[in-house]
Amino acid sequence: MTTLTTPTAAESGGSATEVFRQSGKLGAGADISVERAQALIGDAIKAMNDLAERHALTYEEFNIFKAWLIQVGEDGEWPLFLDVFLEHTVEDISTRDRQGSKGSIEGPYYVKNAPTLPTPATLPMREDEKGTKLKFTGTIKDVEGNPLPEAVIELWQADEDGYYSQFASGLPEWNLRGRVPVDAEGNFEINTIKPAPYQIPTDGSTGKMIAAANWHAWRPAHLHIAVEAPGHQRLIQQLYFPGDEHNDDDIANAVKPELMLDPQPNDDGGETAVYNYRLDKL
Ligand code: MBD
Ligand code: FE
């Protein structure tokens with residue numbers, strides 16, 4: 001039997017900060033105009049002061065807030081915090097004009113350079129990987145219905161215990177992560193296991209804030225997907241499973257009705273779920 005230590009917040013949050021630094025998302029020339037900076041910074045500071053006024057913020061609360069902000073950085077949890085509480089709005093804004101498949105937030109646990117596996121693919125997993133077997137299939141087309149044979153679909157997910165490889169100790173490096181080029185008709189088949197619901201680490205600053213408000217820290221079980229094809233917009237998405245008790249109260253607000261799978265029992269003793277993609281042109 002493998003023994004898994006529970007990943008601490010400092011471990012998973014800290015790795016997420018390092019992964020963000022390595023991600024290339026902050027391109028060398030990334031910058032915003034003075035006008036834009038004034039609008040965003042000005043409104044952010046006004047929102048804070050309005051809140052203080054509205055709730056008659058005390059010095060004690062001001063200092064708790066200061067200490068908490070310091071701690072979020074020390075825990076490395078800014079990617080976790082921002083992806084849970086803000087990314088859903090940014091994602092909505094940035095994909096508003098799309099005709100094709102709905103997306104969702106990327107979250108903090110994507111890692112570049114996962115192994116490429118030919119379709120039909122089986123994601124890297126341990127010999128005794130726990131969980132219901134899941135066969136995930138579909139076709140990737142453009143919004144006019146033409147198959148995209150050069151598309152690649154990428155999947156990353158938590159295991160049956162809710163842990164992501166590279167963000168929890170004791171897991172093989174690329175466990176349950178892989179990139180799968182489609183076949184000549186745009187079809188893919190990916191064999192994996194159903195992920196478990198995910199709980200935000202409760203021992204870090206984000207978890208402590210959630211506990212202070214007496215909220216729960218759960219996200220419903222989900223698959224993370226990225227789909228790309230030359231000349232088309234990259235789709236970042238999550239897919240969910242009917243019946244999960246947190247589909248209606250995801251702490252990260254990232255569930256959409258279009259993102260529900262409908263898995264059916266298959267002959268392998270597992271389940272099959274189909275999702276067909278439409279990608280918008282660049
Ligand atoms: C996750 O697994 C996740 O998908 C998001 C968005 C935030 C925290 C953990
Ligand atoms: Fe996730």
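Basis for what follows: all heavy atoms, side chains included, without hydrogens, waters or symmetry-related copies. Predicted model, so just to flag it, every value in this text is computed and none were measured.
Annotation: ring pair (Phe, Tyr, Trp, His ring centres under 6.0 Å) contacts involving residues 256-278, sequence neighbours excluded, comprise Tyr275-Tyr277. The list of salt bridge (charged side-chain N to carboxylate O under 4.0 Å, His left out) pairs with a residue in residues 258-268, not counting sequence neighbours, reads Lys135-Asp268. Here salt bridge (charged side-chain N to carboxylate O under 4.0 Å, His left out) pairs that include residues 228-240, with residues two or more places apart or in two chains, are Arg179-Glu228, Glu228-Arg234. Identified under the salt bridge (charged side-chain N to carboxylate O under 4.0 Å, His left out) test for residues 46-57, with sequence neighbours left out: Lys46-Asp50.
Here Val143 sits alone; no ILVMFWY side chain lies under 4.5 Å from its own, so it joins no hydrophobic cluster.
The six-membered or imidazole ring of Tyr198 lies away from that of Tyr163, with a centre-to-centre distance of 6.0 Å or more. Two rings, from His224 and Tyr164, have their centers less than 6.0 Å apart.
The only member of Arg96, Lys256, Arg98 that meets salt bridge (Lys or Arg N to Asp or Glu O under 4.0 Å) when paired with Glu91 is Lys256.
By the side-chain contact (heavy atoms from CB on, under 4.5 Å) test, Gln199 is found to be paired with Thr202, Ala217, Trp218, residues two or more places apart in sequence or in another chain being considered. Partners of Asn266 according to the side chain to side chain donor-acceptor pair (under 3.5 Å) rule, which considers only residues two or more places apart in sequence or in another chain, are Thr272. Partners of Thr132 under the side-chain contact (heavy atoms from CB on, under 4.5 Å) rule, at least two apart in sequence or in another chain, are Lys194, Glu271. Evaluation of the side-chain contact (heavy atoms from CB on, under 4.5 Å) rule for Asn187 yields Thr139, Asp183, Glu185 as partners, not counting sequence neighbours. Under the side-chain contact (heavy atoms from CB on, under 4.5 Å) criterion, Leu282 pairs with Gln233, not counting sequence neighbours.
Using a 3.5 Å distance cut-off with no hydrogens or angles, the side chains of Asn175 and Glu129 do pair a donor with an acceptor.
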Which atom pairs, one a donor and one an acceptor, fall under 3.5 Å between side chains of residues 56-71 and the rest of the protein, sequence neighbours left out?
unit_1	atom_1	unit_2	atom_2	d
Thr58	OG1	Glu60	N	3.4
Thr58	OG1	Glu61	N	3.1
Thr58	OG1	Glu61	OE1	3.3
Glu61	OE1	Thr58	N	2.9
Asn63	ND2	Tyr59	O	3.2
Trp68	NE1	Ser205	O	2.9
Gln71	NE2	Asp75	OD1	2.8

Could you pull out every donor-acceptor pair under 3.5 Å between side chains of residues 19-29 and any protein atom, sequence neighbours left out?
unit_1	atom_1	unit_2	atom_2	d
Gln22	NE2	Glu18	OE2	3.0
Ser23	OG	Phe20	O	2.7
Ser23	OG	Lys25	N	3.1
Lys25	NZ	Glu106	OE2	2.8

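Heavy atoms of other residues, nucleotides or ligands lying less than 6.0 angstrom from CD of Glu150 number 12 at most. Heavy atoms from other residues, nucleotides or ligands lying under 6.0 Å from NZ of Lys102 number 12 at most. Within a 6.0 Å radius of CG in Asp248, no more than 12 heavy atoms belonging to other residues, nucleotides or ligands are found.
Panel note: side chain Glu87, backbone Gly107; a donor-acceptor pair is recorded below 3.5 Å. In this structure, Ser165 contributes its side chain and Trp174 its backbone to no donor-acceptor pair below 3.5 Å.
With contacts defined as side-chain heavy-atom distances shorter than 4.5 Å, the pair Tyr109/Ser15 does not qualify.
The residues Arg126 and Asp159 are annotated as salt-bridged, a charged nitrogen and a carboxylate oxygen being separated by less than 4.0 angstrom. We find that Arg278 and Asp142 are not joined by a salt bridge, their nearest charged nitrogen and carboxylate oxygen being 4.0 Å or further apart.
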